[in-house]
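One structure is given here, and the rest of the page talks about it.
Throughout, protein chains are lettered first and strands after them, A, B, ... in sequence-line order, and every chain is numbered starting at 1.
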Amino acid sequence: MPELPEVETVRRGLAPFMEKARIDRVTLNRPDLRFPFPEGFAEALQGRRIDALGRRAKYLLIHVEGGSTVIAHLGMSGSFRIEAEASETPGEFHHPRSKDATHDHVVFDLTGEAGPVRIIYNDPRRFGFMHLWSDHLLDDYPAFQGLGPEPTGNLLSADYLASRFKTRKQPLKGALLDQKIIAGLGNIYVCEAMHRAGLSPETPVGALVDAAGRPKAGLIRLSDDIRAVIAEAIEAGGSSLRDHIQTDGSLGYFQHRFRVYDREGQSCPTPGCAGTVGRIVQAGRSTFFCSQCQT
DNA sequence: ACATAGACCTGTTGGC
DNA sequence: TGCCAACAGGTCTATG
């Protein structure tokens with residue numbers, strides 16, 4: 001499911017309710033998601049305050065008083081929703097767009113400045129997970145080892161990409177999905193960025209770098225387009241396909257701005273291009289692109 | 001080192 | 001309408 005913009009949208013939605021709130025109770029409705037919950041997970045959190053919410057790549061970080069952090073990944077289908085206590089019936093929690101509770105796996109009961117609030121993690125496919133990790137050892141968390149730069153900051157540049165690409169022949173699509181090269185991109189935004197930059201997903205990445213190791217024009221465009229598409233998607237509240245809804249139940253709307261993703265057979269939106277969006281499979285995953293203007 | 005295929009799990013969609 | 005295959009926003013592992 002969620003790529004960086006969706007996780008960032010979730011973080012921003014949860015922060016006003018979770019930051020500075022006290023965790024009264026954590027309820028696990030099953031012993032595991034993709035992985036078992038850590039031993040003593042609920043007990044370690046109950047009674048503590050939440051300091052802040054953060055994010056690294058597609059991981060949501062819940063920094064808890066006392067120096068520990070919940071590392072949560074939403075997998076393909078995970079979502080959080082917020083339910084406020086009904087004023088007329090204390091102890092009951094409601095939300096106008098409540099989902100089927102079948103896949104409500106974790107419930108956080110909190111008390112914040114505005115009163116009690118319930119945060120629910122729902123995940124039909126259970127590819128998500130939650131781990132507990134010491135704050136000061138976060139860089140040692142296995143999935144964070146060797147993680148590439150965030151596409152939201154200045155660390156992602158054409159020069160950086162050239163340095164990573166120059167010796168490789170891997171198709172561009174696969175390289176951009178590699179979290180060790182860039183953190184947080186997934187299938188949607190990789191397809192969208194390659195289309196914006198006019199680059200074929202099958203290009204061997206080394207071909208985007210000149211003999212002196214400098215990025216060619218296409219790679220410079222790509223670096224800019226990755227940053228732009230991610231920034232625009234965050235601003236739009238992410239993309240809502242099947243599972244991603246914002247924590248208040250509303251939908252992100254970046255899916256309306258897709259140029260190629262999930263648009264097989266439609267005409268290419270590039271001005272002056274007469275091509276049609278096609279679909280190929282690379283490493284088992286769909287790539288949407290226009291073979292006319294992506295070369 | 002690198003590339004692909006398979007595994008994990010449930011739900012939805014589209015073709016017949 | 002029903003059935004079934006294909007596919008879905010992600011990673012991790014095994015296998016060439």
Side-chain angles (χ1 to χ4, degrees), chain A residues 1-11 29-36 55-60 71-80 99-105 121-131 141-148 151 164-194 201-206 226 229-230 233-234 236-246 251-265 279-288:
Chain A
M1 152 210 184
E3 306 180 32
L4 187 159
E6 290 73 40
V7 179
E8 178 61 19
T9 299
V10 167
R11 189 194 70 76
N29 292 329
R30 52 176 300 128
D32 58 4
L33 294 170
R34 179 175 176 186
F35 306 119
R55 180 191 58 72
R56 178 77 172 100
K58 303 172 191 174
Y59 297 80
L60 179 71
I71 301 173
H73 196 292
L74 307 184
M76 291 280 264
S77 60
S79 64
F80 283 92
K99 296 173 77 162
D100 181 354
T102 305
H103 300 293
D104 287 351
H105 304 310
Y121 179 70
N122 180 287
D123 188 355
R125 294 178 74 180
R126 303 201 304 275
F127 287 172
F129 53 86
M130 293 186 194
H131 281 148
Y141 182 68
F144 294 169
Q145 300 272 328
L147 206 51
R164 299 297 303 266
F165 285 179
K166 62 183 175 190
T167 62
R168 302 193 197 205
K169 297 185 282 219
Q170 189 181 16
L172 179 60
K173 170 72 183 306
L176 295 180
L177 282 176
D178 183 347
Q179 303 295 295
K180 289 179 164 32
I181 295 179
I182 303 173
L185 300 187
N187 212 26
I188 292 176
Y189 300 108
V190 165
C191 289
E192 292 296 309
M194 291 187 299
E202 295 176 297
T203 303
V205 293
I226 289 168
V229 75
I230 292 297
I234 291 172
S239 301
S240 302
L241 299 188
R242 298 155 192 82
D243 301 300
H244 171 70
I245 55 173
Q246 298 191 36
L251 300 175
Y253 54 88
F254 193 77
Q255 66 278 10
H256 302 303
R257 313 232 304 255
F258 289 169
R259 298 183 191 179
V260 288
Y261 184 82
D262 206 19
R263 294 176 63 87
E264 184 181 12
R279 184 179 80 92
I280 58 174
V281 175
Q282 295 177 286
R285 309 194 66 195
S286 290
T287 300
F288 298 91

Task: Heavy-atom side-chain proximity of A:Tyr189 to A:Glu6 below 4.5 angstrom - done: yes
Open item on the list: Contact between A:His103 and A:Asp123 at the side-chain level, heavy atoms closer than 4.5 Å - yes or no?
Closed with: no
TODO: Say whether, by atom type as modelled, one donor and one acceptor occur between the side chain of A:Arg285 and the main chain of A:Val281 under 3.5 angstrom.
DONE: no
Tell me the interatomic distance from [X], atom [atom1], to [N], atom [atom2], rounded to whole angstroms.
X: A:Arg285; N: C:dT11; atom1: CZ; atom2: P; value: 8 Å
X: A:Gln282; N: B:dG6; atom1: CD; atom2: C1'; value: 18 Å
X: A:Leu74; N: C:dA8; atom1: CG; atom2: C1'; value: 16 Å
X: A:Glu202; N: B:dA3; atom1: CD; atom2: C1'; value: 14 Å
X: A:Phe35; N: B:dA7; atom1: CZ; atom2: C1'; value: 12 Å
X: A:Asn122; N: B:dG11; atom1: CG; atom2: C1'; value: 12 Å
X: A:Gln170; N: B:dT4; atom1: CD; atom2: C1'; value: 11 Å
X: A:Arg164; N: B:dA1; atom1: CZ; atom2: P; value: 12 Å

- [ ] Would you please name every residue forming a side-chain hydrogen bond (donor to acceptor under 3.5 Å, both in side chains) with A:Asp32, sequence neighbours left out?
- [x] A:Arg30
Give the nucleotide from the list [options] with an atom nearest to the side chain of [X].
X: A:Tyr59; options: C:dC7, C:dT11, B:dC2; result: C:dT11
X: A:Pro124; options: B:dC2, B:dG11, B:dA3; result: B:dG11
X: A:His73; options: C:dG10, B:dT4, C:dA8; result: C:dG10

TODO: Would you please determine if the base of B:dC9 is stacked by A:Phe127, with stacking meaning a centroid separation under 5.5 angstrom and planes under 30 degrees?
DONE: no
Open item on the list: Quick check on DNA chain B: between A:Arg126 and A:Lys169, whose nearest nucleotide comes earlier from the 5' end?
Closed with: A:Lys169
- [ ] Report the distance from atom CZ of A:Phe165 to atom CG of A:Leu172, rounding to the nearest 0.5 Å.
- [x] 6.0 Å
TODO: Can you check whether any acceptor in the base of C:dA8 is under 3.5 Å from a donor in the side chain of A:Arg125, or vice versa?
DONE: yes
Task: Strand DNA chain B in bracket notation, Watson-Crick/G-U under 3.5 Å with | for pairs to another chain - done: .|||||||.|||||||
Task: For A:Phe288, ring-ring contact (aromatic ring centres under 6.0 Å, His included) partners two or more places apart - done: A:Tyr261
Task: Residues in ring-ring contact (aromatic ring centres under 6.0 Å, His included) contact with A:Phe127, at least two apart in sequence or another chain - done: none
So, OP1 or OP2 of [N]: does either fall under 4.0 Å of a side-chain N or O from [X]?
X: A:His103; N: B:dC9; result: no
X: A:Arg279; N: C:dC7; result: yes
X: A:Ser286; N: C:dC7; result: no

Open item on the list: Within the 4.0 Å heavy-atom criterion, would you say A:Arg34 contacts the bases, only the backbone, or no part of the nucleic acid?
Closed with: base
TODO: Indicate whether the side chain of A:Ser79 and that of A:Asn122 have a donor and an acceptor atom separated by less than 3.5 Å.
DONE: no
Task: salt bridge (charged side-chain N to carboxylate O under 4.0 Å, His left out) involving A:Arg56 - partner list, sequence neighbours excluded - done: A:Glu150
- [ ] Step through it carefully: locate the ring centre of A:Phe258, locate the ring centre of A:His256, and say whether they are under 6.0 Å apart.
- [x] no
- [ ] Could you work out the separation of B:dA5 and C:dA6 based on their P atoms and round it to a whole Å?
- [x] 15 Å
- [ ] Could you list by number each residue of residues 174-183 of chain A showing a heavy-atom separation from DNA chain B of less than 4.0 Å, or answer none if no residue does?
- [x] none
